[in-house]
Amino acid sequence: MVTDRKTDIGPPNYEQFLPPIVKANYGKWKYHEVLKPGVMVHVGESGDKLFTVRAASPRLLSITKLRAFADLADKYCGGHLRFTSRNNVEFLLTDQANIDPLIADLKKMNHPVGGIGNSISNIVHTQGWVHCHSAATDASGVVKCVMDDLHEYFTEMKLPGKLRVALACCLNMCGAVHCSDIAILGVHRRPPKVDHGKLNKLCEIPSVVSSCPTAAIRPTTVDGKPSVEVDEDLCMFCANCFSVCPSMSISDPLNDGVSIWVGGKVSNARVEPMFSKLAIPYLPNNPPRWPEVVGAVRKIVEVWAEGAHKYERMGEFIARIGWPRFFKLTGIEFTKEHIDDFKHAGLTYKRSAQLRHV
Amino acid sequence: MADPGDNATPLLDELEKGPWPSFVTEIKSMASENKMCKDLLGQLEKSYREKRGYWKHGGIVGVMGYGGGVIGRYSFLAEEYPNVAHFHTLRINQPSGWFYTSDAIRGLCDVWEKHGSGLTNMHGSTGDIVFLGTVTDELEPTFAELTEHGFDLGGSGSDMRTPSCCVGPARCEWACYDTLHLTNDLTQTFQDELHRPAFPYKFKFKMAGCPNDCVASIARSDMSIIGTWRDDIRIDQAEVKKYVDGGINIHKDIYANCPTRCISWDGETLTIDNANCVKCMHCINAMPKALRPGTDRGATILLGAKAPIVEGALLGSVLVPFIKIEPPYTELKDLVERIWDFWGEHGKNRERVGELIQRVGLGNFLEAIEVEPLPEMVAHPRENPYVFYEEYFEEGDEDEEEEEDE
């Protein structure tokens, strides 16, 4: 039996999954145009036209839904479909007449079409309480609530530029949210509770000690058992100790919650890629609808949508109007937590008298 | 004993309302036929009630001969929700560019219907197809059937993570190299590094066809390969005029947004000072029918991006300003091997390559991997005078130096 076992075959070669029109025009596309929300056409040097219809997905998909997508691909796209880097599903058509019937079918399945051009695309996110051990908030639930509220910006193209929102349910950032126009980040706010009874059995003490970026963890002995102690004043709740040692539990329903970050981007267009910066240090976890988070995100989107120039991403907009005005327009309180106090913090202090006095 | 209200999920039900597609509806659609989904709903409802997760730390589970590809997951509430007592995730290496046929999708669904929860992520953050939730005993049978369908597991832990890429030349006129081909080639070349974790920590590749970076490679991958060009932007002057007639204001919309102001318009002709173009893509994005990247194409390689854990988030920084990206990619693979050798030898446990570079200094790192320092690698030269000069003269050296100079 073991001899028949296949390993190390790697992924199936993508070429077998490409639609014929893609194979024929591979590397020979000339230009594209956005025809309407969620629909674009790519035109090849050959004159061939490939139409793309992009639909929202919750990322978590059942096999029932995947089979329904496969049926749509058979009905309209010669059996071809793809997914995007932001978890949307895309249908690739050669017959323009199929676009509207496909969109109608997708709407019946409750999958809105949009996310192309000057819109909010799908929210990239993590597992949250559905599947993760270190989540400080849920992921899919918060995303659902925020997108229920903002869906008009997905299905229409009425924004000044692109807006990329991402959510990570803890500082590990499996969703790498640190370069998003708006990032929703789950945060812990209480130092780890050490399980002195089990720690020595489950964890290597030197690894736990060295896992701490601020050297807050020291070896100690409790009731005759080797363990560690935490200097709570030095803890900034990164949970790296918990990642290497399950006896350093950091989840805490009373204190876990959500922070909001703004102004990051990865594209090189106009200005260089930028990190997101802290807008709101803490909002409570308030399931099932997270009204505080939904309200805060909408307010930030609206301030940007109203004030930004054409093409201007969140970070470019804030750079032009200045952070003091951003805080004023959004009504967000500026606090001690907004001022960096980690390594190289001084680089973020204002070092000129160029101020707007808003 | 279960009370009658046990199956009720009043909080999750709230997430079936509203116009955005609901993950709760997805889970519920499986709950009548799959016990795991029923218990997942139960545990999740409790999380919503108590505002906390109930998943334990990952355990070491996997398929024979592999060290990665499966994330062990166990519930703290095994007695209450026995069908999710084990709820392991499989990462399955996606085809480059996330293209599928309906038959391939159905094949994956059939495997997962038989062996797991029937819940997936399309796709996970690294790019893999994610099969969400099964028990230890089902891992090996799932894997056997997946390989029959031509699929293999992806990476996890301290290994090369599943490489991923943008749609590239398959459907984008801006792709400056074949992102799909390179992704597939690297994945196949480094199968051992992908399946058998032997690195200090994870290592991610992401291939982006142009500086728009639709796969966020500069933020999310240890090695970010971003397509670019080094000759002139191609201009179709007639199409430029059409954009102007259609309402584009070249001064306001294009020139004022150009980072080096290297573009100009006299009302008739668009001119670009290509020597000062930094390939930001803005003008091309704004007028895709009129402007196109040049034809001498390749990529910029950036190294070291990562999320905050442990020492703080990093964006990738330039390692190779321009490289031709053509099969068999020998120069690139040699570079990768040199980086992995140095990192493998000097990296600390759980130290990403970007953090290693911070610790030893980019200059020393370059020397170790035999890459010449270039001004493209820095935003600007250093601002402090604390230079670690490595050599100095002894008395008597000076004369020899002068003689040599003459």
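Reminder, nothing fancy here: chain letters follow the sequence lines and each chain counts from 1.
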(message) Heavy-atom cut-off 4.5 Å, strictly under: side chain, backbone, both or neither for A:Gln16 against chain B?
(response) backbone
(request) Scan side-chain atoms only and decide if B:Ser117 and B:Asn34 contain a donor-acceptor pair under the 3.5 Å cut-off. (result) no
(message) So, applying side chain to side chain contact (heavy atoms under 4.5 Å, CB included) with A:Gln127, which one of A:Cys132, A:Cys169, A:Ser140 is it?
(response) A:Cys132
(request) Measure A:Asn13 against the heavy atoms of chain B and call it side chain, backbone, both or neither at under 4.5 Å. (result) both
(request) Please look at B:Leu15 and chain A and tell me whether the side chain, the backbone, both or neither of the residue comes under 4.5 angstrom of a heavy atom of that chain. (result) both
(request) Tell me, for A:His178 versus chain B, whether the close heavy atoms (under 4.5 Å) come from the side chain, the backbone, both or neither. (result) side chain
(message) Less than 4.5 Å to any heavy atom of chain B: does that hold for the side chain of A:Glu45, its backbone, both, or neither?
(response) side chain
(request) Would you mind reporting whether A:Phe83 and B:Tyr100 have side-chain heavy atoms less than 4.5 Å apart? (result) yes
(request) Between chain A and each of B:Cys109, B:Pro95, B:Ala307, count heavy-atom pairs under 4.5 Å; write down the option with the most. (result) B:Cys109
(request) On the 0 to 90° scale, with breaks at 30° and 60°, tag the A:Tyr14-B:His181 ring pair as parallel, tilted or perpendicular. (result) perpendicular
(request) Pick one of side chain, backbone, both or neither for A:Cys179, based on which atoms fall under 4.5 Å of a heavy atom in chain B. (result) side chain
(request) Please flag which part of A:His125 lies under 4.5 Å from any non-hydrogen atom of chain B: side chain, backbone, both or neither. (result) backbone
(message) Students often mix this up, so state it plainly: with edges at 30° and 60°, are the rings of B:His57 and A:Phe242 parallel, tilted or perpendicular?
(response) perpendicular
(request) Verify ring pair (Phe, Tyr, Trp, His ring centres under 6.0 Å) between B:Tyr48 and A:Trp290, making sure each step is shown before the conclusion. (result) CA-CA 11 Å; B:Tyr48 269 64; A:Trp290 279 272; 5.5 Å; yes
(message) Using heavy-atom distances under 4.5 Å, tell me whether A:Leu254 contacts chain B through its side chain, its backbone, both, or neither.
(response) neither
(message) Between B:Arg73 and chain A, with a heavy-atom cut-off of 4.5 Å, which part of the residue counts as in contact: side chain, backbone, both or neither?
(response) side chain
(request) Check the pair B:Trp174, A:His32 against ring pair (Phe, Tyr, Trp, His ring centres under 6.0 Å), reporting the backbone distance first and the verdict last. (result) CA-CA 10 Å; B:Trp174 298 328; A:His32 75 278; 5.1 Å; yes
(request) Heavy-atom distances under 4.5 Å only: say whether B:Arg292 touches chain A with side chain, backbone, both or neither. (result) side chain
(message) Taking side chain as everything from C-beta outward and backbone as N, CA, C, O, which of these in B:Glu50 sits under 4.5 Å from a heavy atom of chain A? Side chain, backbone, both or neither.
(response) backbone
(request) Determine, for B:Glu311 against A:Lys343, whether the closest basic-nitrogen to carboxylate-oxygen distance falls under 4.0 angstrom. (result) yes
(request) Answer yes or no: are there more than 12 heavy-atom neighbours, outside B:Lys28 itself, under 6.0 Å from its atom NZ? (result) yes
(request) Check side chain to side chain contact (heavy atoms under 4.5 Å, CB included) between A:Asn172 and all other residues, then give those that pass, not counting sequence neighbours. (result) A:Ser134, A:Cys170, A:Ser243, B:Ile309
(message) Report which part of B:Ile218 has an atom under 4.5 Å of a heavy atom belonging to chain A: side chain, backbone, both, or neither.
(response) side chain
(message) Just so I understand: if I count every heavy-atom pair under 4.5 Å between each of B:Asp213, B:Thr89, B:Ile105, B:Asp253 and chain A, which residue has the most?
(response) B:Asp253
(request) Identify which part of A:Tyr311 has an atom lying under 4.5 Å from any heavy atom of chain B, answering side chain, backbone, both or neither. (result) side chain
(request) Go through A:His309, A:Lys30, A:Glu15 and name the one with the most non-hydrogen pairs under 4.5 angstrom from chain B. (result) A:Lys30
(request) With a 4.5 angstrom heavy-atom cut-off, could you sort out which part of A:Met236 is near chain B: side chain, backbone, both or neither? (result) neither
(message) Under 4.5 Å from any heavy atom of chain B, what part of A:Arg289 do you find: side chain, backbone, both or neither?
(response) side chain
(message) With a 4.5 angstrom heavy-atom cut-off, is it the side chain or the backbone of B:Val278 that approaches chain A, or both, or neither?
(response) neither
(request) Below 4.5 Å from any heavy atom of chain B, which atoms of A:Thr84 appear? Answer side chain, backbone, both or neither. (result) backbone
(request) Check each atom of B:Val63 against the heavy atoms of chain A and say whether the ones under 4.5 Å are side chain, backbone, both or neither. (result) both
(request) Please state whether the side chain, the backbone, both or neither of A:Val124 comes within less than 4.5 Å of a heavy atom of chain B. (result) side chain
(request) Against chain B, label A:His42 side chain, backbone, both or neither, depending on which of its atoms sit under 4.5 Å from a heavy atom there. (result) side chain
(request) Measure A:Asp71 against the heavy atoms of chain B and call it side chain, backbone, both or neither at under 4.5 Å. (result) both
(request) Mind telling me whether A:His131 and B:Trp55 have parallel, tilted or perpendicular rings, with 30° and 60° as the class edges? (result) tilted
